[in-house]
Amino acid sequence: MSQSYRYTLGSKTYQFNNLAQLMAKATPQRSGDSLAGVIASSAEERAVAQMTLAEVPLKTFLNDALIPYEDDEITRLIIDEHDTNAFAAIAHLTVGDFRNWLLSDHATSHVLATIRAGITPEMAAAVSKIMRNQDLILVAKKCHVTTAFRNTIGLPGHLSTRLQPNHPTDNVNGIAASILDGLLYGSGDAVIGINPATDNVAQAIKLMRLMDDVIEKYQIPTQSCVLTHVTNTIECIEAGAPVDLVFQSIGGTEATNSSFGFNLNTLAEAQDAAQSLKRGTAGNNVMYFETGQGSSLSANAHHGLDQQTCETRAYAVARKFKPLLVNTVVGFIGPEYLFDGKEITRAGLEDHFCAKLLGVPMGCDVCYTNHAEADQNDMDNLLTLLGVAGCSFVMGIPGSDDIMLNYQTTSFHDALYARRVLGLRPAPEFELWLAKMNIMTDTQQHILSDTLPSQFARSLKALSGGQP
């Protein structure tokens, strides 16, 4: 049963009609919540909402669903799969107490792993709203989430990259050149993942075979993915295509996912189909999800919730299917939802913290659109902060400019910078391959070879008309 919340400050009493409104008013400022009409009317009201939220018991989130149980399959997933035994250790806490406990030395990496199944997305979203950026970084750093397919992603002290060789016409030579460029910078251990310019089954199969040929020829310990709709990937599997990972953009409400053309049963079917191929060698995490604050609002499917709470509910969907990779495409939807570099930075840290707290293997597409009030310096800042926070992976794109999707993100050399300055390493299996191929002469210091690896040189010579 929803209840109202009051807080008296001096002679003024603030009232919040329900938990959803309290959550929205407590959220740090962002343009999407302003667009939705749920934002706090002033900095004072936001601070009061945060103080009020801090006093809410965590148990409240189990009894007061922000979207009714009978109306939304994501709510049903959250409630039905909540682990009361894991929750017992924190069941007596308020949101404010939970923040203090998370920041304490008692909340070790091991302890955080034992309680994650007892934390609901709404609890994670609530506590994030009363945390500073440094709090989000400190706690996320303690949350270790490791997954595997042909290599191991998410180990402490490691930062992986998605090699993103998009091309505006899906030109095979252009894609191959970008793959080679990325590999020579040590990029691609999270996945070689293409957003197809022409999104259909036949084109997806063509791109899957291209990447599979490259991985097989050079024995690269990584995985490939064509970021097509989940139902297309199911058809690709049925056609015998070499599918490693199944991709889908996901949202935090049933209505959002319906607008994307799938439901939880669709994802379960795809996961079963991909796992049946048994293509993984180090593990069998076969799903890859992307999220982003504002997706539910843009689909008019947010049920009056703030965009960050909707975003965090998407992590319940991700957690259900034990993915290899999840990433928030943090600035991609545009300034209508995250206006400038400050809002993008805050959202990226929130998303990473909430996902890791829930046990989701979170990476980040550190990005912005060209009409946002942001620039590459903002992205450098967020990339560095996420690297400190233990982010699982980031994007690698030639020149940081995606010429197919028309947005700005991180480049191959940006990822190399982050590894060097923060002492982070690629996935261990991929690191061994980089040394074997002589792509790097010193993998611990990330020193690139001055010469083209011999296997690549022979292939390029053959392409140019010479003898291999």
Side-chain angles (χ1 to χ4, degrees), residues 19 23 53-67 69 72-131 135-136 138-148 153-156 250 252 264 267-268 271 283 285 287 289 291 308-324 326 350-362 389-390 392:
L19 186 57
M23 293 272 282
L53 182 60
E55 296 177 0
V56 174
L58 292 180
K59 289 181 179 178
T60 302
F61 295 96
L62 300 175
N63 302 317
D64 190 357
L66 301 183
I67 303 174
Y69 182 92
D72 185 86
E73 70 172 356
I74 311 306
T75 298
R76 294 193 289 274
L77 172 67
I78 292 167
I79 299 300
D80 293 348
E81 301 205 355
H82 180 254
D83 188 328
T84 55
N85 292 328
F87 181 60
I90 57 173
H92 61 291
L93 300 177
T94 66
V95 173
D97 294 332
F98 188 36
R99 171 193 175 272
N100 295 338
W101 181 82
L102 288 170
L103 293 168
S104 75
D105 293 336
H106 298 291
T108 63
S109 297
H110 171 73
V111 170
L112 290 172
T114 64
I115 68 163
R116 59 178 51 148
I119 304 171
T120 69
E122 291 86 352
M123 294 176 195
V127 75
S128 75
K129 295 175 192 298
I130 63 169
M131 298 176 86
D135 299 339
L136 299 173
L138 176 61
V139 178
K141 180 81 169 181
K142 297 192 287 185
C143 297
H144 302 156
V145 185
T146 305
T147 57
I153 308 297
L155 292 168
I250 59 174
L264 297 180
L267 297 181
Q271 182 185 42
N285 298 114
M287 306 299 282
F289 299 125
T291 69
Q308 191 251 340
T309 298
C310 285
E311 165 72 9
T312 307
R313 284 169 53 91
Y315 307 153
V317 179
R319 182 164 65 175
K320 168 71 175 175
F321 296 100
K322 299 178 174 58
L324 178 74
V326 179
E350 288 170 347
D351 295 351
H352 179 252
F353 160 83
C354 289
K356 286 290 186 65
L357 188 63
L358 293 166
V360 173
M362 195 63 158
S392 294

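Side chains included, hydrogens not; waters and symmetry mates left out as well; all remaining heavy atoms used. In this chain, numbering begins with 1 at the start of the sequence shown.
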How far apart are the C-alpha atoms of F87 and L58, what are their side-chain angles, what is the distance that settles it, and do they pass the side-chain contact (heavy atoms from CB on, under 4.5 Å) test? CA-CA 10 Å; F87 181 60; L58 292 180; 4.0 Å; yes
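- Heavy atoms only, all atoms of each residue included: D83 and A86 are closest at OD1-N, 3.0 Å.
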Using side-chain contact (heavy atoms from CB on, under 4.5 Å), reason through V95 and T60 one step at a time and then give a plain yes or no. CA-CA 10 Å; V95 173; T60 302; over 6 Å; no
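- Judged purely by atom type and a 3.5 angstrom limit, T75 uses its side chain to pair as donor or acceptor with the backbone of I67.
- Looking at K142, its side chain does come within 3.5 Å of a backbone N or O of L102 through a donor-acceptor pair.
- A pairwise comparison of heavy atoms in G96 and I130 identifies CA-CD1, 3.8 Å as the closest pair.
- Interatomic distance, L62 CG to M123 CE, rounded to the nearest 0.5 Å: 4.0 Å.
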Determine, stepwise, if the pair L357 / Y315 fulfils side-chain contact (heavy atoms from CB on, under 4.5 Å). CA-CA 10 Å; L357 188 63; Y315 307 153; over 6 Å; no
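- The backbone N or O of E55 lies less than 3.5 Å from no partner atom in the side chain of T94, so there is not a single donor-acceptor pair.
- Within the 4.5 Å cutoff, no side-chain heavy atoms of F353 are placed close to those of T312.
- Distance check: M362 CE to H352 NE2 gives 8.0 Å after rounding to the nearest 0.5 Å.
- Using a 4.5 Å heavy-atom threshold, the side chains of L324 and P361 count as separate.
- Of the possible polar contacts, none joining the E81 side chain to the K320 backbone as a donor-acceptor pair under 3.5 Å is found.
- Taking each heavy atom of L264 and E73 in turn, the nearest pair found is N-OE2, 3.1 Å.
- Taking every heavy atom of both residues into account, M287 and L267 meet most closely at CE-O, 3.9 Å.
- Distance check: L138 CG to L103 CG gives 6.0 Å after rounding to the nearest 0.5 Å.
- The shortest heavy-atom contact between G154 and S392 is CA-OG, 4.1 Å.
- Closest heavy-atom contact between A124 and C354: O-SG, 3.6 Å.
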Set out, in order, the CA-CA distance, both residues' side-chain angles and the distance that settles side-chain contact (heavy atoms from CB on, under 4.5 Å) for I250 and F321, then state yes or no. CA-CA 12 Å; I250 59 174; F321 296 100; over 6 Å; no
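- Distance alone, capped at 3.5 Å, is enough to place a donor-acceptor pair between the N285 side chain and the A148 backbone.
- Between the side chain of R313 and the backbone N or O of I74 there is no donor-acceptor pair closer than 3.5 Å.
- Rounding to the nearest 0.5 Å gives a distance of 10.0 Å between OG1 of T108 and NE2 of H144.
- How far NZ of K129 is from CD of Q308: 4.0 Å, rounded to the nearest 0.5 Å.
- In this structure, H82 and T120 have side chains that are in contact, with non-hydrogen atoms separated by less than 4.5 Å.
- Within the 4.5 Å cutoff, no side-chain heavy atoms of V360 are placed close to those of V145.
- We find the CD1-CZ distance between I78 and F61 to be 11.5 Å, quoted to the nearest 0.5 Å.
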